[in-house]
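FYI, side chains are in, hydrogens and waters are out, and symmetry mates aren't considered; it's all heavy atoms of this structure.
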Amino acid sequence: MAFQFRFSTVQKLRENHRDQQRFSLVGAVKTVEEIASQLAALESQAETLRQEKTQMLETGGTFRFSEIQRYQKRQQWLQEQHARVLAESECAKRKAESCHSALVEADKEVKTLEKLEEKQRHRYERMRNEK
């Protein structure tokens, strides 16, 4: 009679759950990276806008009211987008941390069952050898 772990079904379920948590973490990290890229793009656009304003001021040209309005609207839009993306970033980071914690917990559960299986297997082998 061969050794059969009594909790093998539970172990498989725990392993599947751990794999799902790992997949969730990968998705959450990808989202954080995408949002970081969006933030970088917005910051680059804001820097470009600042450089345009500086050039306009340094050339000493005349400013039309429409140019000033366009600059202000663009600056306000960039600030609003930056605030929105920054809030999304914080939410995504919290989700990634939560997914990481869930993965760590799921991994602990799997390792506990693996240790139990190993102990039971050794006990079975020892009893078998004693006979």
*Asks:* Is it the case that atom CZ in Phe23 sees more than 12 heavy atoms from other parts of the structure closer than 6.0 Å?
*Replies:*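 At most 12 heavy atoms, drawn from other residues, nucleotides or ligands, come within 6.0 Å of this atom.
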*Asks:* Does Lys111 pair with Glu114 as a salt bridge, N-O distance under 4.0 Å?
*Replies:* no
*Asks:* Just verifying a value: how many Å separate Gln75 CD and Gln72 CD, rounded to the nearest 0.5 Å?
*Replies:*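 It comes to 7.5 Å.
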*Asks:* Is there a side-chain contact between Arg123 and Arg126 (heavy atoms, below 4.5 Å)?
*Replies:* yes
*Asks:* Would you find a donor on one side and an acceptor on the other, under 3.5 Å apart, between the side chain of Asn129 and the backbone of Glu125?
*Replies:* yes
*Asks:* Could you state the interatomic distance from CZ (Arg6) to CD (Glu117), rounded to the nearest 0.5 Å?
*Replies:*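 Reported value, rounded in 0.5 Å steps: 12.5 Å.
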*Asks:* Below 4.0 angstrom, N of the basic side chain to O of the carboxylate: do Lys93 and Glu97 qualify?
*Replies:* no
*Asks:* Indicate yes or no: at least one non-hydrogen side-chain atom of Lys30 is less than 4.5 angstrom from one of Val26.
*Replies:*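 When only atoms from C-beta onward are counted, Val26 and Lys30 do not touch, as no gap falls below 4.5 Å.
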*Asks:* Identify the residue among Lys108, Glu118, Gln11 that makes a side chain to side chain contact (heavy atoms under 4.5 Å, CB included) with Leu113.
*Replies:* Gln11
*Asks:* Say you draw a straight line from CD of Gln4 to CD of Gln120; how long is it, rounded to the nearest 0.5 Å?
*Replies:*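 So the CD of Gln4 and the CD of Gln120 are separated by 11.0 Å.
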*Asks:* If you round to the nearest 0.5 Å, how far is OG of Ser89 from CD of Gln38?
*Replies:* 9.5 Å
*Asks:* Tell me if a side-chain donor or acceptor on Ser44 pairs with a main-chain N or O of Ala40 at a distance below 3.5 Å.
*Replies:* no
*Asks:* Roughly how far, to the nearest 0.5 Å, is the NZ atom of Lys12 from the CG atom of Asn16?
*Replies:*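 NZ of Lys12 is found 8.5 Å from CG of Asn16.
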*Asks:* Locate the shortest heavy-atom distance separating Leu25 from Ala96; write the atom from each residue and the value.
*Replies:* CD1-O, 3.5 Å
*Asks:* Please list all pairs meeting salt bridge (Lys or Arg N to Asp or Glu O under 4.0 Å) that have one or both residues in residues 73-89, counting only residues at least two apart or in different chains.
*Replies:* Arg84-Glu88
*Asks:* State yes or no: do Val29 and Val104 share one hydrophobic cluster built from I, L, V, M, F, W and Y residues joined by side-chain heavy-atom distances below 4.5 Å, directly or via other members?
*Replies:*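 No; Val104 is not reachable from Val29 via cluster members.
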*Asks:* Roughly how far, to the nearest 0.5 Å, is the CD atom of Glu109 from the NE2 atom of His17?
*Replies:*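 Result: 6.0 Å between the selected atoms.
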*Asks:* Using a side-chain heavy atom cutoff under 4.5 Å and only I, L, V, M, F, W and Y, what cluster partners does Leu39 have?
*Replies:*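 Leu39 shares its hydrophobic cluster with Ile35, Leu42, Leu49, Tyr71, Trp77, Leu78, Val85, Leu86.
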*Asks:* Can you find a pair of side-chain heavy atoms, one from Arg18 and one from Leu103, that are under 4.5 Å apart?
*Replies:*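 Yes - at least one pair of side-chain heavy atoms lies under 4.5 Å apart.
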*Asks:* Spell out, as yes or no, whether a donor-acceptor pair under 3.5 Å connects the side chain of Ser98 to the backbone of Arg94.
*Replies:*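 No, because the side chain of Ser98 does not come within donor-acceptor range (under 3.5 Å) of the backbone of Arg94.
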*Asks:* Which atom pair, heavy atoms only, marks the closest approach of Arg50 to Glu43?
*Replies:*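 So the two residues come closest at NH2-O, 4.4 Å.
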*Asks:* Are there over 12 heavy-atom neighbours, none belonging to His100, within less than 6.0 Å of that residue's NE2?
*Replies:*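 Result for NE2/His100: open.
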*Asks:* Short question: side chain of Thr31, backbone of Gly27 - any donor-acceptor pair under 3.5 Å?
*Replies:*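 It does hold such a pair.
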*Asks:* If you take all heavy atoms of Ala28 and Cys99, which pair is closest and at what distance?
*Replies:*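 Shortest heavy-atom separation between Ala28 and Cys99 comes out as CB-SG, 4.2 Å.
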